[in-house]
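To start, the structure itself, in structure tokens.
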Amino acid sequence: MNLYGNPVCAIAGQKGGLQGVTESHIAGENIEMGAALFGKVGDDRVFGTHQNVVALLASADLVASNKLSATVNGVELDAVDFVTDTDTTLSTLAEAINANDELSEAGIGASVVAGTKMITIAGDSDVSAEIAVTGGASQATFVATATNGMKFVGVAVHEERAYREGTGYYAKNTAVNVMTHGKIYVEVADSADVADKKAAYVVLSGEDKGKFTDEASGNYDTGCVFRSDEQNGLALIEVNGLK
């Protein structure tokens, strides 16, 4: 975990000015100060930045004698045989995912919408999944698209926190102070070129995952704006509520 001896960790999450709105949520995982926080509708828990939804789209309808072999977050499931049609086969696969104890304990589940040739797998943190098709007269291929299926809630406000395991974070299942409106310091992506009043986005993957940037492509639109230039890897942003 980060230590307060690191200037970035000591400043990230500090408020900019006296005005602001702070709400209390529950940490769905360990959360560092100044982190961009996301949550689900109707759920008081908040999480860091994740690509927690994977949609797998088949290139064609499944056919008789196809076998589907799926791997979800490293868990290899037993092959699923073709049943009746594409919707029924994908629903059978979804049931197998939902019945897997290891995936259930990790909060991962699957669903299918009829007629889409797609199965969606979602969890609370990063989800990875792939499906291979064998057998039958033809084999469709599945293309996986990972996204953040949660809503931006705000930014974790800085507090002096220490645990046996480390310092500088809110521990899972503890209360988190989240700035939902106001100005606060956050970490900025290395490639960002930020300036006052530029729109602020959160990087969803890679080395800069969870950091803020002015680059829109492939990143999450938080509805925030930068209120300063970058300095020593930090910048001031203005949070404007749920997005």
Side-chain angles (χ1 to χ4, degrees), residues 26 28-29 36-153 172 201-206 208-210 216-222 242-243:
I26 302 299
E29 61 187 351
L37 298 180
F38 298 83
K40 302 175 183 179
V41 175
D43 188 343
D44 194 44
R45 295 177 302 163
V46 288
F47 301 85
T49 303
H50 297 291
Q51 289 185 305
N52 68 306
V53 178
V54 174
L56 296 113
L57 177 64
S59 61
D61 282 321
L62 301 172
V63 299
S65 298
N66 278 162
K67 288 182 178 290
L68 277 60
S69 298
T71 302
V72 180
N73 279 32
V75 177
E76 296 183 6
L77 290 99
D78 293 336
V80 170
D81 292 327
F82 176 86
V83 183
T84 309
D85 54 27
T86 299
D87 287 342
T88 306
T89 305
L90 290 179
S91 295
T92 302
L93 176 58
E95 290 171 2
I97 292 170
N98 294 334
N100 183 276
D101 290 340
E102 186 174 348
L103 295 177
S104 294
E105 289 176 3
I108 295 174
S111 61
V112 175
V113 176
T116 62
K117 296 197 293 272
M118 179 186 294
I119 181 170
T120 301
I121 304 172
D124 294 331
S125 59
D126 289 324
V127 173
S128 63
E130 59 182 17
I131 299 173
V133 183
T134 56
S138 62
Q139 296 83 38
T141 57
F142 281 84
V143 175
T145 302
T147 60
N148 183 334
M150 301 187 194
K151 296 293 185 181
F152 176 76
V153 178
K172 182 178 179 179
Y201 305 84
V202 170
V203 180
L204 294 177
S205 62
D208 286 327
K209 177 182 174 181
S217 179
N219 298 319
Y220 191 102
D221 182 4
T222 63
L242 185 72
K243 178 69 173 180

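Since this is a predicted model, take the numbers as computed values, not measurements. In this chain, numbering begins with 1 at the start of the sequence shown.
- Residues N66 and T89 fail the side-chain proximity criterion, which asks for heavy atoms closer than 4.5 Å.
- A salt bridge links D126 to K209: at least one charged side-chain nitrogen sits closer than 4.0 Å to a carboxylate oxygen.
- Interatomic distance, I26 CD1 to D44 CG, rounded to the nearest 0.5 Å: 5.5 Å.
- Pairing each heavy atom of A144 with each of V54, the nearest pair is CB-CG1, 3.8 Å.
- Looking only at side-chain heavy atoms (C-beta outward), I121 and I97 come within less than 4.5 Å of each other.
- Put simply, the side chain of Y201 does not reach to within 4.5 Å of the side chain of T222, judged on heavy atoms.
- A ring-centre distance under 6.0 Å is not found for F38 and F47.
- The shortest non-hydrogen separation linking M150 to G123 is CE-O, 4.1 Å.
- Not a single donor-acceptor pair under 3.5 Å links the side chain of Y220 to the backbone N or O of L204.
- Taking CG from N98 and CG from L103, the interatomic distance works out to 9.0 Å, rounded to the nearest 0.5 Å.
- In this structure, K67 NZ and Q139 CD are separated by 12.5 Å, a value rounded to the nearest 0.5 Å.
- Side-chain N or O atoms of S59 include one that pairs as donor or acceptor with a backbone N or O of T141 at under 3.5 Å.
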If you apply the rule side chain to side chain contact (heavy atoms under 4.5 Å, CB included), what do you find for L77 with V72, and how did you get there? CA-CA 8 Å; L77 290 99; V72 180; 4.1 Å; yes

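- Minimum heavy-atom separation, S138 to V63: O-CG2, 3.5 Å.
- Across A36 and G210, no two heavy atoms sit closer than the pair CB-O, 4.3 Å.
- Atom OG of S65 sits about 9.0 Å away from atom CZ of F82, to the nearest 0.5 Å.
- E29 contributes atom CD, which lies 8.5 Å from atom CG of D124 (distance to the nearest 0.5 angstrom).
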Which side-chain N or O atoms in residues 108-120 pair as donor and acceptor under 3.5 Å with protein atoms at least two apart or in another chain?
residue, atom, partner, partner atom, Å
T116, OG1, V113, O, 2.7
T116, OG1, M118, N, 3.2

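- Contact record, L93 with A70: CD1-CB, 3.9 Å, taken as the closest heavy-atom pair.
- Within a 6.0 Å sphere centred on CG of D61, other residues, nucleotides and ligands contribute more than 12 heavy atoms.
- At a threshold of 4.5 Å between non-hydrogen side-chain atoms, the residues Q51 and S205 count as touching.
- In this structure, the side chains of L56 and L90 stay at 4.5 Å or more apart for every pair of heavy atoms.
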For T88 and D85: C-alpha separation, side-chain torsions, deciding distance, then whether side-chain hydrogen bond (donor to acceptor under 3.5 Å, both in side chains) applies. CA-CA 5 Å; T88 306; D85 54 27; 2.7 Å; yes

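- Expressed to the nearest 0.5 Å, how far NZ of K151 lies from CG of D43 amounts to 15.0 Å.
- Pairing each heavy atom of N73 with each of V127, the nearest pair is OD1-CA, 3.3 Å.
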